[in-house]
J.: 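Here you go, one structure.
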Amino acid sequence: MVDVSRHDVVIVGGGGAGLRAAIAASELNPEISIALVSKVYPMRSHTVSAEGGAAAIARDDDSLEMHGYDTVKGSDFLGDQDVIQYFVEQAPKELTRLEHWGCPWSRNEDGSVATRAFGGMSTKRTWYATDKVGFHMLHTLFQTSMKFGNVDRYDEHFVTKLLVDGGVCRGVAALDIRTGEMKAILGKAVILTTGGGGKVWPFTTNGNIKTGDGMSLAYREGVPLKDMEFVQYHPTGLPGTGILITEATRGEGGYLLNNEGERFLVTRDYGVGNKAELGPRDMISRAITQEIAAGRGVEIPGKPGRYAHLDLRHIGEEKIMARLPFVRELSKAYANVDPVHEPIPIRPVLHYMMGGVDTDIEARTSLDGLYAAGEVACVSLNGANRLGSNSLTECLVFGARAGEHATEYIKGASVGEEGPFVQQAEAEAARIDAFRGRQRGGEKIAKVREDMNTAMEDGTGVYREQASMAKAVKDIAELRQRFEQVSLDDSSKIFNTELIAGLELGNMLDVAEAVTWAAVQRKESRGAHACSDYPTRNDTEYLHHSLVYHSPEGPRFDKKEVTLGVWEPEERKY
Amino acid sequence: MKTLMLKLEPVIWLLFSGGMMIGGLLLPVFVLVVALGGGLGVVGGEALGYDRMLALVTHPIGSLVVLAAMALPVWGGAHHLRHLWIDFGGLGSDSLVGFLCYGTALASSIAAILAVVRLHA
Amino acid sequence: MSELRPRVDAMKPRAPMPTRTADPRPPDKFPSRGRYPSYLAFGACGAFLLLSAQLLIRGVWALGDGEAAWDAYIVSFGHPVYLAYHVAAFIGLTWFALRLFRLFPATQPNRMGPMKRPADAVLVAGLYGVFFTVLAVGTLFLGGALL
Amino acid sequence: MSEKLKKTFIVTRFDPDKDEVPKTQTYEIEVEPDWKILDALNHIKDTVDPTLSHRWSCRMAVCGSCGMTVNGEPKLTCKDPLSSYGDTIEISPLANFPIVRDLVVELEGFMEKFQEVKPWIMVAKERAVEEGTTRQSPEELADFKGFSMCINCMLCYSACPVVSNEPEFLGPAALALGHRYNQDTRDEGSHVRNAVFRDEGAIFSCSFANECSEVCPKNVNPSGAIQQAKLANVIDWATSFVVKRGEDVS
Ligand SMILES: Cc1cc2nc3c(=O)[nH]c(=O)nc-3n(C[C@H](O)[C@H](O)[C@H](O)COP(=O)(O)OP(=O)(O)OC[C@H]3O[C@@H](n4cnc5c(N)ncnc54)[C@H](O)[C@@H]3O)c2cc1C
Ligand code: SF4
Ligand code: F3S
Ligand code: FES
């Protein structure tokens with residue numbers, strides 16, 4: 001028998017989006033009971049690692065119109081314009097709320113909140129707290145959430161299935177990692193805020209927990225994943241580890257150099273115009289990739305591959321310590337380089353998934369009772385390329401929206417007959433027990449994961465080819481077969497991290513399938529999807545979102561309209 | 001006892017931290033000159049003579065300094081010793097040990113005050 | 001003092017733990033490893049604070065009892081046990097003070113009144129300066145060489 | 001590729017279903033010279049022994065999950081370089097915490113203490129968004145910024161000798177974070193927090209061992225925060241007899 005608990009709203013994920021949703025729901029109605037389920041303690045969520053900042057207009061020389069236009073252009077016109085308008089309007093309010101809750105935003109001399117320049121943003125509108133913005137936002141949100149008595153946390157609980165019956169979602173099945181027992185956590189609405197899935201790729205800024213679980217959970221219940229082909233490569237990751245060096249380094253004036261010490265973004269035409277280092281990420285990542293391909297990459301003794309140099313020396317120690325102390329700490333600890341005295345070797349690194357669970361502007365998915373927000377969702381704010389610092393704000397704006405809308409929704413909803421949901425959780429418990437009990441000697445989790453990483457790197461890198469994408473589709477299908485043969489060495493119930501890694505691998509394969517499927521379908525180059533066989537954007541055939549549906553026979557592909565109406569698509573040139 | 005001790009923790013802590021500072025600054029001088037210098041006879045009889053000492057200690061500033069050097073460090077010492085005991089796992093007997101430590105400190109401070117007041121009487 | 005164990009309930013939650021746990025371990029090789037001996041010696045110097053302050057009280061009390069009592073008090077310090085204690089006390093108290101002043105800056109807020117807190121090294125140097133000045137001037141003054 | 005080095009890891013293992021008390025297991029593996037301790041553990045888990053359990057996520061010293069004891073010292077293993085050790089390295093769970101399994105410790109005790117210090121902005125009346133952001137000078141920010149850098153990695157709890165012995169002690173990180181809010185110009189709840197701090201053993205049992213600040217990987221300086229908080233507490237306590245206070249903040 002599984003343990004059954006009952007709540008009104010069940011939130012899966014304790015990162016920026018999940019915590020914001022919990023606070024929003026709690027503030028709107030302090031009477032309801034909220035479950036916050038997270039596979040790690042909330043303050044470990046990967047929002048913690050965001051460095052650079054969160055965007056919202058703050059200065060007199062800025063406007064909603066400008067932030068909106070920058071975002072639409074950054075998205076290569078694939079962002080939904082109603083969503084973008086709503087987002088830019090809400091953004092300053094959300095960051096102000098966070099200020100009231102104690103977020104230690106960096107300040108100007110007069111005591112107002114300071115803002116910095118960021119890629120693709122036409123003025124300084126990125127709020128920051130030195131270079132640990134995600135950390136401060138997450139801890140502020142988590143600590144603030146602790147004051148609400150009606151938020152019940154399920155820390156270190158791994159959600160393995162959405163409980164869906166009769167077309168409505170009414171809870172989740174969660175594995176208590178500590179005890180190894182399955183729980184049915186029932187509610188009248190479920191909000192997915194499980195973050196992205198960067199760990200599908202080998203070289204990524206993402207932490208161990210970013211395995212796309214929520215995308216897989218929704219996908220398996222028939223909810224489409226949208227725009228999955230668009231994954232963002234951040235221009236500046238450290239060699240080996242892929243640890244991020246924030247775009248704020250360039251916002252504060254850093255240069256990108258090739259092995260000849262040349263500022264190639266200024267001297268050569270990579271489409272970023274006079275924005276130079278502050279161009280959008282897709283373009284800069286391509287520029288670095290081309291520099292390296294042209295033989296102008298920097299070599300590091302003892303390390304494979306070629307890099308570019310990120311040079312901060314001219315910024316000076318004082319400003320680096322005031323604005324970018326974490327960058328200095330990371331460079332020293334993980335690349336053995338002190339940016340005050342030496343340039344930092346970097347190369348493009350997988351960073352962010354623009355795609356995700358398809359939602360409307362209210363954060364609703366196509367499944368009744370299921371919401372999604374944050375990186376797991378695709379509300380179509382980011383289109384084909386996200387602008388740096390929009391996504392932390394996105395977590396707040398749409399996390400709050402999801403929390404509020406779900407609180408409204410449950411007024412008219414009931415769990416109804418509990419039986420079927422509990423039975424599903426019991427079946428899920430049996431499935432997990434069987435997985436844990438699989439005989440030794442089969443495929444190893446680490447090996448299958450490694451092969452998946454390789455397939456995805458080859459098929460869906462900064463530049464893509466039809467042939468390599470098609471191969472990746474095939475590879476992933478094969479890996480799914482191999483995953484069926486995976487076995488565990490650890491049969492213990494208590495804190496079995498091998499079991500978790502196995503479940504995560506299954507989820508990542510779902511994500512990988514959707515990404516590769518969506519990628520082969522898009523025969524154009526738009527935003528982060530740079531297809532060598534089709535180097536230009538094709539608005540007549542491809543100005544649409546892509547949807548991938550799960551089905552037992554294999555994925556099904558579909559399209560969805562892009563909402564235009566304010567800004568007309570035009571050539572994307574800076 | 002324990003409850004009272006915990007109620008008064010803010011005061012005890014204040015006396016303790018003051019005692020550490022004052023004791024650390026002043027007691028080495030006392031130990032060096034009076035105890036060692038006097039004991040070994042290296043500091044002249046005149047300097048440590050009764051009249052000079054009485055004059056020093058009864059001078060208003062002298063009274064205050066010597067009072068601080070007596071009444072505060074005892075709290076610094078007592079508090080340290082109680083914590084040392086806890087560090088070695090003695091929390092169970094904290095009531096007794098605390099009573100002994102702070103009792104000694106309290107008695108010593110009272111004696112210190114009396115000693116000075118007596119000189120002025 | 002064979003092996004010091006932390007209390008098993010030290011960091012145990014009030015809510016019951018869902019699975020059996022192993023008891024917490026003490027910080028590795030407490031109290032002999034790393035900086036622990038220095039910290040414990042610092043605490044033990046509390047004994048010098050307490051005893052030396054009490055000896056000072058005895059002295060002031062003797063002043064009140066008259067010249068003979070005071071002279072006897074000074075003479076008593078010639079006893080080898082006292083001499084040994086005071087050598088130890090002088091070293092102990094000096095080390096105590098220097099350690100205290102070294103750690104002191106960390107305990108100060110970022111701003112002291114309207115001033116920004118000086119760099120830690122500056123504060124420590126200042127405090128060491130004060131300590132040695134008090135020691136020197138105090139010794140000369142009390143010893144009769146000044147005034 | 002750089003040449004391989006061999007190192008021996010002596011790792012604490014504990015399976016509550018099988019073991020009465022923790023034991024150790026020895027792994028000898030080849031490592032890369034620029035690895036961190038965590039890389040070695042992950043290598044062991046991926047290729048040698050998948051049953052080894054430990055927590056980690058960000059591998060960039062910011063999520064706070066990978067704290068362990070390495071050769072006796074509490075360390076953030078994703079930042080602690082292998083090169084600073086010899087050929088044999090002992091890895092055990094953080095001290096002072098009940099051990100759940102292998103290198104995983106029980107954190108709920110901390111979470112309860114953390115909740116007690118009310119680590120959020122307390123105000124009598126919530127500010128409206130329309131009022132805009134609060135003004136706070138860079139100096140006012142600097143007064144608490146350092147204390148807000150805590151990643152809850154628990155190294156300080158593991159090093160503090162008082163934590164071992166005093167169950168009521170709130171401990172370095174929780175107190176530093178409580179003090180962080182007391183120091184924030186936007187907060188009005190310091191009287192409430194100070195009353196919590198004054199509870200039995202909660203703050204005054206800290207004996208200024210300073211170990212917390214020595215081991216803290218983020219320079220939070222909890223020992224300083226605690227001593228400052230104690231002084232502020234004494235003042236608050238003394239004035240509380242003179243000035244009556246409404247405690248209507250939340
Ligand atoms: C290194 C780095 C730097 C970044 N810098 C910036 C920046 O400067 N500006 C910006 O705007 N954006 C930045 N981003 C992007 C941004 O940080 C993320 O998009 C955002 O934090 C995602 O937040 P989230 O709440 O959606 O998910 P996360 O913070 O990833 O949280 C996911 C939550 O879901 C839980 N969860 C996941 N799966 C399960 C499951 N199966 N069961 C239960 N719980 C589960 C996790 O425990 C976690 O609590 C950065 C990203 C990275 C990786
Ligand atoms: S104060 Fe430092 S050591 Fe303690 S939990 Fe916070 S970051 Fe870790
Ligand atoms: S180590 Fe412990 S005793 Fe106090 S100064 Fe730090 S909390
Ligand atoms: S893994 Fe996140 S702090 Fe080490």
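A note on names: the letters A, B, ... follow the listed sequences, proteins ahead of strands, and every chain is numbered from 1.
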J.: Do you know which of Val105(D), Leu107(D), Val21(D), Asn210(D) has the most heavy-atom pairs with chain C at a distance under 4.5 angstrom?
T.: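 When all of Val105(D), Leu107(D), Val21(D), Asn210(D) are compared, Asn210(D) has the most.
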
J.: Checking heavy atoms, do the side chain of Lys113(D), its backbone, both or neither come under 4.5 Å from chain C?
T.: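 Only the side chain of Lys113(D) comes within 4.5 Å of chain C.
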
J.: With a 4.5 angstrom heavy-atom cut-off, could you sort out which part of Ser207(D) is near chain C: side chain, backbone, both or neither?
T.: both

J.: Is it the side chain or the backbone of Val163(D) that comes within 4.5 Å of chain C heavy atoms, both, or neither?
T.: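 Interface part for Val163(D): both.
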
J.: Heavy-atom pairs under 4.5 Å with chain C - which of Ala95(D), Ala159(D), Ala209(D) has more of them than the others?
T.: Ala209(D)

J.: To the nearest 0.5 Å, what is the distance between CG (Leu103(C)) and OG (Ser213(D))?
T.: 9.0 Å

J.: Salt bridge between Arg117(C) and Glu139(D), side-chain N to carboxylate O under 4.0 Å?
T.: no

J.: Non-hydrogen atoms of chain C under 4.5 Å away: do they reach the side chain of Glu90(D), the backbone, both or neither?
T.: neither

J.: Which bit of Asp23(C) comes within less than 4.5 Å of chain D, counting heavy atoms only: side chain, backbone, both or neither?
T.: backbone

J.: Any chance you could measure Gln227(D), atom CD, to Phe104(C), atom CZ, to the nearest 0.5 Å?
T.: 11.0 Å

J.: Measure Phe144(D) against the heavy atoms of chain C and call it side chain, backbone, both or neither at under 4.5 Å.
T.: neither

J.: Does Lys12(C), at its NZ atom, have more than 12 non-hydrogen atoms belonging to other residues, nucleotides or ligands within less than 6.0 Å?
T.: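 For Lys12(C), atom NZ is not crowded (no more than 12 foreign heavy atoms under 6.0 Å).
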
J.: Ignoring hydrogens and angles, tell me if any N or O in the side chain of Asn221(D) forms a donor-acceptor pair with the backbone of Ala106(C) under 3.5 Å.
T.: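 Checking the backbone N and O of Ala106(C) against the side chain of Asn221(D), a donor-acceptor pair under 3.5 Å is found.
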
J.: Might you confirm whether atom NZ of Lys118(D) has over 12 heavy atoms from other residues, nucleotides or ligands at distances under 6.0 Å?
T.: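 No, NZ of Lys118(D) has 12 or fewer neighbouring heavy atoms, counting only those of other groups under 6.0 Å.
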
J.: Mind checking the OG1-CZ spacing from Thr107(C) to Phe208(D)? Nearest 0.5 Å is all I need.
T.: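 Rounded to the nearest 0.5 Å, the OG1-CZ separation comes to 5.5 Å.
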
J.: Mark yes or no for whether Arg7(C), through its side chain, and Glu166(D), through its backbone, hold a donor-acceptor pair below 3.5 Å.
T.: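 Absent.
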
J.: When you look at Glu211(D) and Arg35(C), which way does the salt bridge (Lys or Arg N to Asp or Glu O under 4.0 Å) test go after all the steps?
T.: CA-CA 8 Å; Glu211(D) 276 300 302; Arg35(C) 298 165 297 264; 2.8 Å; yes

J.: Chain D heavy atoms under 4.5 Å from Arg33(C): which part of the residue, side chain, backbone, both or neither?
T.: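 Just its side chain gets close to chain D.
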
J.: Could you look at Phe14(D) and say if it's the side chain, the backbone, both or neither that has a heavy atom under 4.5 Å from chain C?
T.: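 The side chain, not the backbone.
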
J.: Taking every non-hydrogen pair under 4.5 Å, which of Glu106(D), Glu168(D), Lys230(D) racks up the most with chain C?
T.: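 Maximum pair count with chain C is reached by Glu106(D).
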
J.: Picking from Thr69(D), Asn96(D), Ile99(D), what satisfies side-chain contact (heavy atoms from CB on, under 4.5 Å) with Arg25(C)?
T.: Ile99(D)

J.: May I ask you to name which of Asp9(C), Asp28(C), Asn110(C) has the most heavy-atom pairs under 4.5 Å with chain D?
T.: Asn110(C)

J.: Please test Arg20(C) against Arg101(D) for side-chain contact (heavy atoms from CB on, under 4.5 Å), starting from the C-alpha separation and ending with a verdict.
T.: CA-CA 9 Å; Arg20(C) 190 174 75 85; Arg101(D) 180 181 169 180; over 6 Å; no

J.: With a 3.5 Å distance limit and no angle check, can you tell me whether Glu112(D) reaches the backbone of Pro13(C) through a side-chain donor-acceptor pair?
T.: no

J.: Return the option, out of Pro167(D), Pro74(D), Cys160(D), with the maximum number of heavy-atom pairs under 4.5 Å with chain C.
T.: Pro167(D)

J.: If you tally heavy-atom pairs under 4.5 Å against chain C, which of Gly72(D), Gly224(D), Gly146(D) wins?
T.: Gly72(D)

J.: Shorter than 4.5 Å, heavy atoms on both sides: which option in Pro161(D), Ser158(D), Pro93(D), Gly171(D) has the most such pairs with chain C?
T.: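 The answer is Pro161(D).
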
